[in-house]
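Only a predicted model underlies this, so the values are computations on that prediction, with no experimental measurement involved. Scope of the values below: all heavy atoms of this structure, side chains included, with no hydrogens, waters or symmetry mates.
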Amino acid sequence: SRLCGSTAANWSDPTSWSETSHTGDAASRVPGSGDVVYIGNGGSCDVDGEGNFHQILTNVDVSVGEINFSPVSMGVGLPKLIVPSDRLLHAGTFAGAGELSLQVSAIASAQIMGDMGDFLAQPNSHIVYEIEAAGNAEITPLSTSLPNVSIEAQNNTSGNRWLSFSNDLLIRGDLTIDKGATLALHD
């Protein structure tokens, strides 16, 4: 389980994890092949007075049995997993409501593998496409139907940060284009 913190912790740091709960003692290892990973919010985690949240940065390629976003309360930020454009995230299944932040650019995109059905079916789940650098990032969406989508320019840098999807896409909830990003539509 991801321990609470006020910033995104690195996946590769054992002190980011607990084998008992998101408020338990630090683990001696990081989650690996076959492990079930819980990323939650709530509990007694309120490090900076801004509410309870948990987020993790996949600073290494990751392969686990399951990633389970486990929000305790919906009044605070969703549990968040950040995947840089040079990383692979593989899980047998993705479950629960959370935020999956995928960094993309004109030359690379975060790679996600696994059964995303339950995560994508959650009405509160959120996919963030974060454009890292100037140029047009054309990507294949995780599915042809997504719950909520945000398209953002990394570091709030406006100008020449375009995202386009390689195929048609149904967004069942909110679409937000923010922080200087542009969504390019095809004919």
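Judged by distance alone, the side chain of Ser125 and the main-chain N or O of Phe119 form a donor-acceptor pair under 3.5 Å. Looking at Arg161, its side chain never comes within 3.5 Å of a backbone N or O of Gly180 through a donor-acceptor pair. Of the possible polar contacts, one joining the Asn59 side chain to the Ser12 backbone as a donor-acceptor pair under 3.5 Å is found. Judged purely by atom type and a 3.5 angstrom limit, Ser105 uses its side chain to pair as donor or acceptor with the backbone of Ala108. Counting only distance, with no hydrogens or angles, the side chain of Asn148 and the backbone of Asp174 share a donor-acceptor pair below 3.5 Å. The backbone N or O of Asn10 sits nowhere less than 3.5 Å from a side-chain atom of Asp13 that would complete a donor-acceptor pair. With hydrogens and angles disregarded, no donor-acceptor distance shorter than 3.5 Å links the side chain of Glu132 to the backbone of Glu130. Under a 3.5 Å cut-off, the side chain of Arg172 and the backbone N or O of Pro123 do not form any donor-acceptor pair. Of the possible donor and acceptor atoms, one in the side chain of Thr58 sits under 3.5 Å from a partner among the backbone N and O of Ile82. Checked by atom type and distance alone, the side chain of Trp162 never pairs as donor or acceptor with a backbone atom of Ala134 at under 3.5 Å.
The salt bridge (charged side-chain N to carboxylate O under 4.0 Å, His left out) check on Glu152 picks up Lys179, with sequence neighbours excluded.
Looking at heavy atoms from C-beta onward, Glu19 lies in side-chain contact with Ser28 at the 4.5 angstrom threshold.
Remark: the Ser63 side chain and the Ser33 side chain contain no N/O donor-acceptor pair separated by less than 3.5 Å. For the 3.5 Å distance criterion, the side chains of Ser70 and Asn68 qualify, holding a donor opposite an acceptor.
For CG of Leu175, the number of neighbouring non-hydrogen atoms (other residues, nucleotides, ligands) closer than 6.0 Å is greater than 12. When the shell of 6.0 Å around CG of Asp168 is examined, it contains 12 or fewer heavy atoms from other residues, nucleotides or ligands.
Ile139 and Ile151 fall within the same hydrophobic cluster, where Ile, Leu, Val, Met, Phe, Trp and Tyr residues are linked whenever their side-chain heavy atoms come under 4.5 Å apart, directly or through other members. Under the 4.5 Å side-chain heavy-atom criterion for ILVMFWY residues, a single connected hydrophobic cluster contains both Ile177 and Ile171.
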